[in-house]
Each structure stands twice: as structure tokens, then as C-alpha cells.
K.L.:
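Right, I'll just put the structure down here and ask away after.
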Amino acid sequence: MRFPIRKITIHPEAAGSSVARTVVEKCPGVPVVTAARPSVDPGDEGHSKDTVFITPRKGRLLKRCPGTSSYVCCGYRVLNLVTGCPLDCTYCILQLYLNQPCLVVHADWEDALRELDELIAKHPGRVVRLGTGELADSLALEPLTDMARELVPRVLRRPEAVLELKTKTTFVESLLDIDPRGRVILSWSVNAEEVVRADEKGAPPLTARLRAAAEGRRAGYRIGLHFDPLVRFPGWERSYSRAVEAIYDHLREGDIAWISLGSLRYPPALDAIIRRRFPGSHLPLGELVPGLDGKLRYFRPLREEMYRRVYRDIRRRDRHAEVYLCMESPEVWRSSLGRSPGSTAGLARCLDAAAIAE
Ligand code: SF4
């Protein structure tokens with residue numbers, strides 16, 4: 001199974017690339033054109049999710065996660081091998097950020113490994129946590145590209161590197177025969193079923209994600225989970241408790257390296273896009289106020305209430321997983337989890353330790 005693709009455009013400079021060959025091979029019957037720009041339908045509002053554009057990269061592929069100094073961030077490095085996503089989540093920030101109106105695959109993605117080697121050389125002896133899920137879902141295009149399957153063994157040749165592949169899909173099959181040597185974390189974005197149904201268009205239900213996680217675990221992968229975004233709606237308390245129960249129906253304490261909690265947040269400019277593209281969505285109707293980074297988010301006491309509640313549910317089932325907050329201040333950490341890493345460097349140290357703990 002994969003997301004439907006109706007058009008493939010290959011940039012002339014990417015025509016001989018192995019990823020172009022793989023995509024064309026895996027999409028028999030799909031029209032392929034060679035052009036310097038993708039052809040997309042006018043009126044798609046920049047969301048041509050059935051069009052793949054394979055192109056040489058522009059600029060660096062390995063970057064720091066764009067956190068902000070106002071909040072504690074996880075100190076992650078992002079590998080942008082693909083930009084764009086065939087899923088269509090109401091809250092997705094890519095609706096605002098992407099300037100290519102389709103799914104962009106960077107043909108010369110292996111250059112990112114050179115950038116990774118430079119980074120490792122600059123920080124000898126340090127763990128480098130990296131992931132591919134900032135401008136895309138890490139596995140949504142895997143059945144088309146096999147990129148994760150190609151990437152994992154290459155990353156494993158670098159003992160300092162820990163790779164996190166973050167997804168909402170169930171596309172783990174290509175990875176199940178690789179030995180991850182404790183250094184690849186398969187992560188799922190998880191949510192209450194009400195949020196999955198209303199605001200994660202195209203994504204599998206929570207239980208399907210958790211079945212895929214259990215499969216990944218059986219193959220030797222460590223698991224990460226991201227409750228992000230936590231959304232308030234009538235009955236959210238019971239729904240998130242049920243989601244935590246569902247997690248431990250599929251996974252055991254000790255299987256999970258880390259669980260992040262992040263509340264709904266987005267730049268004000270996304271508000272109008274959500275209202276236009278998803279007129280029935282309740283997300284913009286919450287009591288959202290600008291935070292220190294300018295993004296709209298729930299009032300602090302409402303966020304803290306959600307973190308406390310979900311954290312309590314997790315800790316009732318699991319004493320081991322590293323639970324952390326995404327983009328919150330040390331004060332919110334202390335009042336929600338009873339502790340704070342103090343800074344981005346402090347949280348990065350905790351996650352580095354959790355990443356190699358097995
Ligand atoms: S899965 Fe992630 S990248 Fe894809 S639409 Fe949803 S939020 Fe955006």
C-alpha cells in the first residue's frame with residue numbers, strides 16, 4: 001500500500017539518480033516528464049499531494065532543528081531529504097512553509113552524509129541525534145523511494161549517530177530486515193482517536209500505528225512516541241487516557257526510548273489557512289494566545305493541565321521512558337512534570353543518554 005501518485009517530474013540534473021529510477025520503477029503507468037519545475041494543477045493551493053518532483057538539492061540538507069531560544073528545545077539535527085507530505089493534517093505547519101506545491105525528493109540526498117561526517121568531526125565523542133521528519137513524514141514516501149532503507153545502514157556506519165524516523169504511517173516493512181543495533185528509533189506521532197479522525201486526514205488510526213510500532217520493536221528497533229499536538233476538546237482527559245492505554249496494549253515498558261508532549265501551536269498566519277482549507281475544524285476555535293515565539297497556543301494553565309494529566313497516565317504504566325516537553329519553558333516543565341532540564345543543552349544531554357540507553 002502507498003499514497004496515490006499521479007504525476008512524476010524529474011529535473012534534468014536528477015534524471016540519472018538512483019532515487020529517480022526507484023520512483024519510476026515503483027510507479028508503473030504514472031506519467032513521467034523531465035522538466036526544471038514540477039507541473040501542478042492551478043487551484044491546488046500549493047497542496048499537490050499526488051505529484052512527485054525529483055530534483056537536485058539547493059543548500060545544506062543537514063540543519064539544526066529550528067527551535068527558539070525562548071523555550072527548551074530537544075537539540076536535534078534534521079536531515080531534509082524530502083519536503084512535503086501526502087497526508088493532510090489540519091494543523092500541519094508545512095501548509096505555510098513550503099514553497100514547492102508538491103512532494104519534493106532530493107536526488108543527491110547522500111551528500112547529507114558528508115555533512116554528517118563534518119559535524120561528527122567537529123564534535124568528537126558526542127552523540128549526534130538526527131531525524132528526517134521536519135519538513136516531511138519520515139516514512140510516508142518510503143514505499144516509493146526506499147530512502148529510509150538506504151539511509152539506515154549508512155547512518156549505522158557512523159557509531160556516533162542515532163537516527164530517529166518519525167511517522168504517522170505504517171510503512172515499516174522495508175526496514176524490518178535491517179539490524180538497527182540500538183541506534184535507530186522508529187517514532188510515531190500519536191493522538192487521541194478524536195483528533196486522528198478529525199484532523200489527521202489520510203493517516204492511519206492510532207491502533208494501526210501502534211501495531212506498526214510493535215512490529216518495529218520485534219525487529220529490534222527502539223520506539224519513540226510524540227503526543228503532538230495535544231488538543232483540548234470535550235472529553236480530552238478520557239480520550240488521552242485511552243490513547244496511553246492503547247500504547248501499552250501494544251508495547252511494553254522498556255520498549256520506548258522517549259515520549260514527547262507538545263500542545264497545539266502554530267504561527268498566526270496558519271489560522272486563516274486552516275479556516276479556509278478545513279472549515280469544519282474546531283482547532284482555531286480554542287482559546288489560543290501568542291507565546292514567546294509568536295506562535296498561537298493554549299493559555300499556560302491549560303497546557304500544564306494537559307501535560308500533567310498525560311504524564312500521570314504514562315507514569316502509571318511506564319517508569320522508564322524519557323518523557324519530555326516540546327518547546328516549553330523551564331517553569332512549565334517544573335509545574336507539569338516536577339522537574340526541568342534547565343536548558344536546551346540539558347534536555348539534549350537527557351535525550352542523548354536515552355538514545356543510547358539500550
Ligand atoms: S504527517 Fe506531519 S508532515 Fe504530514 S501533513 Fe501531517 S503534520 Fe504535516
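Just follow the structure's listing: the first ligand is 1, and inside any ligand the first atom is 1.
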K.L.:
Sort by chain and number the protein N/O/S atoms that are closer than 2.8 Å to atom 8 (Fe) of ligand 1, and list them.
P.N.:
C92 SG
K.L.:
Indicate whether any N or O donor in one side chain lies under 3.5 Å from an N or O acceptor in the other, for Y76 and E134.
P.N.:
no
K.L.:
Look at atom CZ of F233 and say whether more than 12 heavy atoms of other residues, nucleotides or ligands are closer to it than 6.0 Å.
P.N.:
yes
K.L.:
Kindly check if the number of other-residue, nucleotide or ligand heavy atoms within 6.0 Å of CZ (R349) is above 12?
P.N.:
no
K.L.:
Nearest protein heavy atom to atom 7 (S) of ligand 1, by residue and atom, and its distance?
P.N.:
K168 NZ, 3.5 Å
K.L.:
Determine whether more than 12 heavy atoms belonging to other residues, nucleotides or ligands lie under 6.0 Å from atom CZ of R312.
P.N.:
yes
K.L.:
Compute whether any side-chain donor of one residue and acceptor of the other, for E164 and H226, lie under 3.5 angstrom apart.
P.N.:
yes
K.L.:
Within the distance-only criterion (no hydrogens, no angle test), does the side chain of N191 pair as donor or acceptor with the backbone N or O of P229 below 3.5 angstrom?
P.N.:
yes
